[in-house]
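Contents: one structure, followed by commentary.
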Amino acid sequence: MAEPLRVLVTGAAGQIAYSLLYSIGKGDVFGPKQSLVLILLDIPPMMGVLDGVLMELQDCSLPLVSSIVATADPKVAFTGVDFAILVGAMPRREGMERADLLKANVKIFESQGQAINSYAKKTVKVLVVGNPANTNCLVCMKNAPSIPKENFTCMTRLDQNRAQAQIANRLSVSCDAVQNVIIWGNHSSTQFPDAAHASVDINGKKENVVAAVKNDDWLNGEFIKTVQVRGASVIKARKLSSAMSAAKAICDHMKDWWFGTPEGSWVSMGVYNNGSYYGIPADLIYSLPVTIGKGGEWSVVPGLTITDFAREKMDLTAKELVDERDTANQFVQP
Ligand code: NAX
């Protein structure tokens, strides 16, 4: 079996991690032949709960897991990691202003970026899930200058999966028959779920989704809205935020980053924008369609036609990210 990979999950005592750790441990991300050291980081008050998670993971008796480390010490957690999945973040509490939330998260992601810079492998790949995911990822990346910017991504795969499922349901096909739906921008209600370039396999015949759905009003209206507010709809119904589907999306994101995307398909990830993609302002973590090679290097899908309708939506979500970045910058330690 290959040398174990060191995989860190932060927020390990939380609800997403509870589903995620089992899936990673049984091989859903790195495959059935890759052994793993699982590292679980949470904050000191959660160490009792984390101990319970550790016991349960041990009791799952997972052959791929060579050892498990549960800790509140970032140095222990980040040392030598190959992958860091940053799920833990400061949640929005009642009465909390958006700026207060950003302030608390800037602090967390500055210090985690610095820990990555000091202790992780220089080849580490980082996925930020904790919200506001795009801006947290940007802050983290900026605090780890010794790691390539391309190694930092944030998760919009849950939004992609939601969009794919909505279309599959509409066309009564299986989810994997729908490919190449794009999520542009922020993992927030300004995101733009875009089906214009997506395809669907109907009885072995590939068609463009727009042609197959035959209802532009739905695609430009209800479809977009449903995906944009899906997280809030889950909270309203469950009184808790998405966890099972978030864990599945993390696995999908990481698996594609590890194995690469299949020929002819792309996925959406929040990635660092240097200003050369689709007229999006530089210096943002913005969700784009990417293909991923076998070594994990991603490339933005080039040459897609952007309609005026799409342009407006892509710019709106970019503006929100610029505002978030500018607010976050006020709280950056000098
Ligand atoms: P929970 O509140 O259940 O768990 C979060 C855990 O993180 C807690 O155990 C907490 O103690 C820990 N934590 C807080 N600060 C930490 C730090 N500095 N270091 C290590 N651990 C820390 O939240 P959960 O439902 O698991 O959600 C986690 C995050 O994912 C939230 O920020 C949530 O908003 C975000 N989400 C992001 C999604 C995305 O698509 N990008 C979708 C799902 C989810 O809403």
Side-chain angles (χ1 to χ4, degrees), residues 8-21 39-54 69-78 81 84-93 96 98 101-116 126-140 143 152-163 183 185-189 191 193 227-236 238-254 267-271 285-287:
L8 164 66
V9 174
T10 74
Q15 53 151 2
I16 293 177
Y18 193 71
S19 298
L20 175 66
L21 288 162
I39 305 151
L40 283 45
L41 177 72
D42 212 294
I43 51 176
M46 296 304 285
M47 285 304 103
V49 176
L50 195 62
D51 203 32
V53 176
L54 170 67
V69 179
T71 181
D73 181 348
K75 182 173 179 189
V76 172
F78 283 97
V81 290
I85 304 173
L86 308 184
V87 180
M90 172 63 77
R92 190 168 194 157
R93 300 226 163 82
M96 205 178 198
R98 203 176 155 71
L101 180 74
L102 270 164
K103 188 177 180 182
N105 280 297
V106 165
K107 204 160 163 237
I108 293 174
F109 286 88
E110 265 181 347
S111 75
Q112 293 195 345
Q114 287 156 12
I116 289 170
V126 181
L127 168 62
V128 177
V129 177
N131 278 320
N134 300 54
T135 301
N136 287 343
C137 184
L138 188 71
V139 171
C140 187
N143 281 276
F152 291 82
T153 62
C154 86
M155 188 166 91
T156 53
R157 185 59 169 264
L158 177 54
D159 308 298
Q160 179 192 314
N161 287 350
R162 287 166 172 165
I183 304 297
N186 201 0
H187 168 69
S188 76
S189 58
Q191 65 175 266
V227 177
Q228 286 175 332
V229 302
R230 188 66 160 187
S233 307
V234 170
I235 293 176
K236 193 162 171 236
R238 214 171 79 87
K239 319 287 178 243
L240 284 169
S241 58
S242 309
M244 175 170 56
S245 56
K248 160 68 166 54
I250 293 170
C251 292
D252 291 344
H253 179 120
M254 296 305 296
V267 291
S268 292
M269 317 199 291
V271 293
I285 298 281
Y286 187 103
S287 179

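None of these values were measured; they are calculated from a predicted model. Just follow the structure's listing: the first ligand is 1, and inside any ligand the first atom is 1.
The side-chain heavy atoms of L86 and C140, taken from C-beta on, include a pair separated by under 4.5 Å. Two residues are said to be in side-chain contact when any heavy atoms from C-beta on lie closer than 4.5 Å; Q228 and Q191 meet this criterion. For the pair Q112/L41, a side-chain contact is recorded, criterion being any heavy-atom separation below 4.5 Å from C-beta on. Looking at heavy atoms from C-beta onward, T153 lies out of side-chain contact with C137 at the 4.5 angstrom threshold.
The distance criterion of under 3.5 Å between nitrogen or oxygen atoms is met by M155 with respect to ligand 1. Checked by distance only, ligand 1 and I108 stay at 3.5 Å or farther apart across all their nitrogen or oxygen atoms. For ligand 1, one of its N or O atoms has an N or O atom of Q15 under 3.5 Å away. Geometrically, ligand 1 and S242 share no nitrogen or oxygen pair separated by less than 3.5 Å. The shortest N or O to N or O distance between I16 and ligand 1 is below 3.5 Å.
Interface of A13 with ligand 1, defined as ligand atoms under 4.0 Å from a residue heavy atom, comprises 9 (O). Less than 4.0 angstrom separates some heavy atom of A246 from each of these atoms of ligand 1: 43 (C). Close approach of ligand 1 to M46 (heavy-atom distance below 4.0 Å) involves ligand atoms 9 (O), 11 (O). Near G88, the atoms of ligand 1 lying under 4.0 angstrom from a non-hydrogen atom of the residue are 7 (O), 13 (N), 22 (C).
The closest approach between Q112 and ligand 1 falls below 4.0 Å for a heavy atom of the residue. Ligand 1 lies less than 4.0 angstrom from a heavy atom belonging to S241.
Protein heavy atom nearest atom 37 (C) of ligand 1, with residue, atom name and distance: V129 O, 3.0 Å. What sits closest to atom 5 (C) of ligand 1 on the protein, heavy atoms only, is G14 CA, 4.2 Å. Counting protein heavy atoms only, atom 10 (C) of ligand 1 is closest to D42 OD1, 3.4 Å. Regarding atom 16 (C) of ligand 1, its nearest protein heavy-atom neighbour is I43 CG2, 3.6 Å. Of the protein's heavy atoms, V87 O, 3.3 Å lies nearest to atom 28 (C) of ligand 1. Counting protein heavy atoms only, atom 6 (C) of ligand 1 is closest to G11 CA, 3.5 Å. In terms of protein heavy atoms, atom 14 (C) of ligand 1 is closest to A89 O, 3.5 Å. For atom 38 (C) of ligand 1, the closest heavy atom belonging to the protein is H187 NE2, 3.5 Å.
A distance-only check finds a donor-acceptor pair linking the side chain of N136 to the backbone of G130 [under 3.5 Å]. Without hydrogens or angle criteria, R230 side chain to S233 main chain gives no donor-acceptor distance under 3.5 Å. With hydrogens and angles ignored, the 3.5 Å screen pairs a side-chain donor or acceptor of N134 with a backbone N or O of H187. The backbone N or O of A89 sits nowhere less than 3.5 Å from a side-chain atom of N131 that would complete a donor-acceptor pair. When atom types are taken as modelled, the side chain of S268 and the backbone of T156 share no donor-acceptor pair closer than 3.5 angstrom. Without hydrogens or angle criteria, N143 side chain to Q114 main chain gives no donor-acceptor distance under 3.5 Å. Side-chain N or O atoms of T10 include one that pairs as donor or acceptor with a backbone N or O of G88 at under 3.5 Å.
Looking at L158 against ligand 1, only its side chain comes within 4.0 Å, counting heavy atoms.
Taking a 6.0 Å sphere around CE of M46, one finds it holds more than 12 heavy atoms contributed by other residues, nucleotides or ligands.
The nearest protein heavy atom to atom 2 (O) of ligand 1 is not closer than 4.0 Å.
Side-chain atoms of S242 and R162 include a donor-acceptor pair closer than 3.5 Å.
The nearest non-hydrogen atom to atom 35 (C) of ligand 1, considering only N161, T71, N131, comes from N131.
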